[in-house]
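Data first, discussion second: the structure below is written as structure tokens.
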Amino acid sequence: MSQLPEPEAPSDFIRDRIRADLQSGRVTQVVTRFPPEPNGYLHIGHAKAITLSFSVAKEFGGRCNLRMDDTNPAAEDQEYVDAIKEDVRWLGFDWDALYYAADYFDQIYAWAEQLVEKGLAYVDDQHADAIAASRGTLTAPGTNSPFRDRPVAENLRLLREMKAGEWKDGEKVLRAKIDMAHPNLNMRDPVMYRIRKMHHQRTGDRWCIYPMYDWAHGQCDSIEGITHSLCTLEFEHHRPLYEWFCDSLGIYKPQQIEFARLNVEYMLTSKRKLLLLVEGKHVDGWDDPRMPTLRGLRRRGYPPEALVAFCKHVGVAKVNGTHEIGLLEFFVRDWLNKNALRRMAVLDPLKLVIENWPVGASGQPHVEMVSAQNNPEDPNAGAREVPFSGELLIERSDFMENPPKDFFRLAPGREVRLRFGYFVKCTSVDKDAQGHVTAVRCTYDPATKGGNAPDGRKVKATIHWVSAAHAIDAEVRLYDHLFTSPDPASADGGDFLRLLNPQSERIVRGRLEPSLGSARGGERFQFERLAYFVCDAKDSRPGAPVFHRTVALKDGWQKAQKKGDGKPA
RNA sequence: UACCCCGUGGUGUAAUCGGUAGCACAGCAGGUUUUGGUCCUGUUGGUUCCUGGUUCGAGUCCAGGCGGGGUAACCA
């Protein structure tokens, strides 16, 4: 097969490297892998890694495996395995093969005996603290273990005893014999096997010694014939060890290439910190719409296509930077603008009474159905009928009693268009005892049905509305950044909880056009002139949908206002 | 006070074998518009961290600085 890259394949240091490997013949077919540890849920940072490894394989006509890096039974769980598979698929990727590091345990163990026989590994009786103490520091070399020069036969016997369960947790470890004075701490006789008498989600009780990451990862890559093992920057110092193991074993050695992990403003991607948010009940679980987890983003209404487009756009490099959240939101809006159906909803209602609206024949209020486009960006989306009547609800912010000159919406004496309906002109307002406006009174022009005046007169604004008698009631959750600081990870003293945004979730009762009553979980809409929303699959009930604000529409009016009053001259 | 990696406009990322800096987002201005959305047009921002060197010519090569990040788990 030919591995000609797709013409639109991006250019970056990883793909340049792959092209070179293909040209030199070192590699004939590209094989990559995404190797998550099933001890937690995937987040937006993983989305970048997933997009990279899968896209690269596809671009070069290669393969990409999904591999559960399950070498530590302490924290791993089948639940996470299932969640990871689901999340990768949700992003739109499919693996060529699904593997588990645990399935290679026999081979990895056999290799360990080989290393022992070569005199390149030994059993150490020291406990964890002693090993740590003798490792030295960043600036001082370590010292050799007193067990470092055990004879091969004894090492072999001890290793087999470890495997057979004859020693307790922590009593012995197998270590690689490299160099305790090596400037790279990872090379100071790293631990290969530790004893853990624990049940493993995949191998059950078959093993009581488990390989460390360094002793497993490269070997797994080698077995699978991975050509380019892509990982994040913090593994750079592990590469020499990765290569030492493959070289010492004389097995196929994949090329590990490191890239910078993804950071996005206002988001945290540390599993530990995310766990604190969940356990401290600062959010409503791993799938809370404010979480940067894939499950959270999904419930927030982020389309997977937008996430992938974002990940592709940010590219890959070795510089650790932080992306503006506005860029992510741009991709979300971009996809939603083309695909989300438009609907009308009023979140902060103000009554609008049309005084010259006709009375129905039966004496009941007259109701008229108006045709509304489902998506101006997509003619194929069709149209729907929305009930229009003499008593409507409009957004409170669409009316001002004493408007500034640049306010185009409704005000006494002003005429605006009701979207898909008629032109209305405000004649008066009703107020309560405190002087608050309780309703605006208007007259409508019957000749403007559909939104155009036969005499050609123009209005400066179009506002959305719902019919008071027909609107449904629904819970609407308005989300904002989880943190008040764009960089919560570097909070003073590490106390990022202090930076939680108390306004990150605001719940309101919205008044929605009737068609929204049958919205199904996962369906995304644009509530015209407001924002994009998704019908929550978890909390919605038949006839009682719940909506989550995914991202607000850009708001030029609000921006202009902020500019006007915010800054001193 | 060790080792490794990195340093291009506000943010992120490009620039064939070295030939004087592009793109996206953001910003600003205008146009279109039955969403102050979308779309379209124009436009402000960079002495490519600094200093030397090699060269006819360096963001690209070399040296030395400066700055940022990473690394000391029987975690991955």
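Because the structure is predicted, anything quoted here is derived from the model rather than measured. Here is the naming used below: chain letters follow the sequence lines, and residue numbers restart at 1 for every chain.
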Each nucleotide of nucleotides 66-76 of chain B classed B (base within 4.0 Å of a protein heavy atom), S (only sugar-phosphate) or -, in 5' to 3' order, makes ---SBBBSBSB

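At whole-Å resolution of the value, CG in A:L410 and C1' in B:G36 are 15 Å apart. If you take CZ of A:F330 and C1' of B:G37, they are 13 Å apart, rounded to a whole angstrom. Distance CZ (A:R15) to C1' (B:A14): 13 Å, rounded to an integer number of Å. Note: CG (A:D12) to C1' (B:U13) measures 10 Å, nearest angstrom. The CD-P distance, from A:Q526 to B:G36, rounds to 10 Å in whole Å. Put simply, CD on A:E329 is 13 Å from P on B:U38, counting in whole angstrom units. Rounded to a whole Å, the CG atom of A:D334 is 12 Å from the C1' atom of B:C39. We find that CG of A:N337 is positioned 13 Å from P of B:C25, with the value rounded to whole Å.
For B:G9, the base is anti relative to its sugar; the glycosidic angle deviates from 0 by more than 90°.
Judged by distance alone, the side chains of A:S229 and A:R33 do bring a donor and an acceptor atom under 3.5 Å apart. In this model, no donor atom of one side chain and acceptor atom of the other lie less than 3.5 Å apart for A:N375 and A:K338. Judged by distance alone, the side chains of A:N339 and A:R524 never bring a donor and an acceptor atom under 3.5 Å apart.
The base of B:G10 lies close enough to the side chain of A:E324 for a donor and an acceptor atom to sit less than 3.5 Å apart.
Taking the C1' atoms as reference points, B:A72 lies 28 Å from B:G65, given to the whole Å. To the nearest whole angstrom, the two C1' atoms, one in B:C40 and one in B:U32, are 7 Å apart. Taking atom P on both nucleotides, B:G22 is separated from B:G59 by 13 Å, rounded to a whole Å. A gap of 15 Å separates the C1' atoms of B:C23 and B:G45, to the nearest Å. B:A58 and B:C50 are spaced 16 Å apart, taking the C1' atom of each and rounding to whole Å. Atom C1' of B:C61 sits at a distance of 31 Å from the matching atom of B:G10, rounded to the whole Å. Comparing B:C62 with B:A26, their P atoms sit 38 Å apart, to the nearest whole Å. On the C1' atoms, B:A76 is 46 Å away from B:G19, given to the nearest whole Å.
Contacts of A:V316 with the nucleic acid, taken as non-hydrogen atoms under 4.0 Å apart, involve only primed sugar atoms and P, OP1 or OP2. When heavy atoms are screened at a 4.0 angstrom cut-off, A:F408 is found touching base atoms of the nucleic acid. Residue contacts for A:G556: at a heavy-atom cut-off of 4.0 Å it reaches the sugar-phosphate backbone alone, with no base atom in range. Among the protein residues, A:F420 comes within range of the nucleic acid bases, having at least one heavy atom under 4.0 Å from a base atom. At the heavy-atom level, A:Q558 lies nowhere under 4.0 Å from the strands shown. Residue A:F407 is in base contact, counting any heavy-atom pair closer than 4.0 Å across all strands shown.
B:A63 is paired with B:U51 under the Watson-Crick or G-U wobble criterion, all donor-acceptor distances under 3.5 Å. Across all strands shown, B:U71 forms a Watson-Crick or G-U wobble pair, both distances under 3.5 Å, with B:A2. Base pairing of B:U32 is not made with any nucleotide, judged by Watson-Crick or G-U wobble geometry with both donor-acceptor distances under 3.5 Å.
Closest contact between the side chain of A:K559 and the listed nucleotides B:G37, B:G27, B:C6 involves B:G27. Minimum atom distance to the side chain of A:S11 is reached by B:A15, of the listed B:A15, B:U35, B:U1.
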Would you sort out whether A:H237 and A:N186 count as a side-chain hydrogen bond (donor to acceptor under 3.5 Å, both in side chains), showing the intermediate values?
CA-CA 7 Å; A:H237 322 64; A:N186 289 127; 5.2 Å; no

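Between A:D555 and A:K562 there is no salt bridge, since no side-chain N of the basic residue sits under 4.0 Å from a carboxylate O of the acidic one. At a threshold of 4.0 Å, the pair A:D21-A:R15 does not count as salt-bridged, since none of the basic side-chain nitrogens sits closer than that to a carboxylate oxygen.
Ring orientation note: the planes of A:H217 and A:Y242 are tilted relative to one another, at an angle of 30° to 60°. Between A:H200 and A:Y210, the angle of the ring planes stays under 30°, which puts this pair in the parallel group of the 30/60° scheme. The aromatic rings of A:F235 and A:Y213 sit tilted, their planes meeting at an angle between 30° and 60°.
Residues A:A317 and A:F331 each lie close to RNA chain B; by heavy-atom proximity, the contact nearer the 5' end of the strand is made by A:A317.
Residue A:R333 places none of its side-chain N or O atoms closer than 4.0 Å to OP1 or OP2 of B:U38. Residue A:K554 places at least one side-chain N or O closer than 4.0 Å to OP1 or OP2 of B:A26. Remark: A:T322 is not in phosphate contact with B:G12, judged by side-chain N or O atoms under 4.0 Å from OP1 or OP2.
When the options A:D124, A:D189, A:T143 are evaluated for a side chain to side chain donor-acceptor pair (under 3.5 Å) with A:R148, the one that passes is A:D189.
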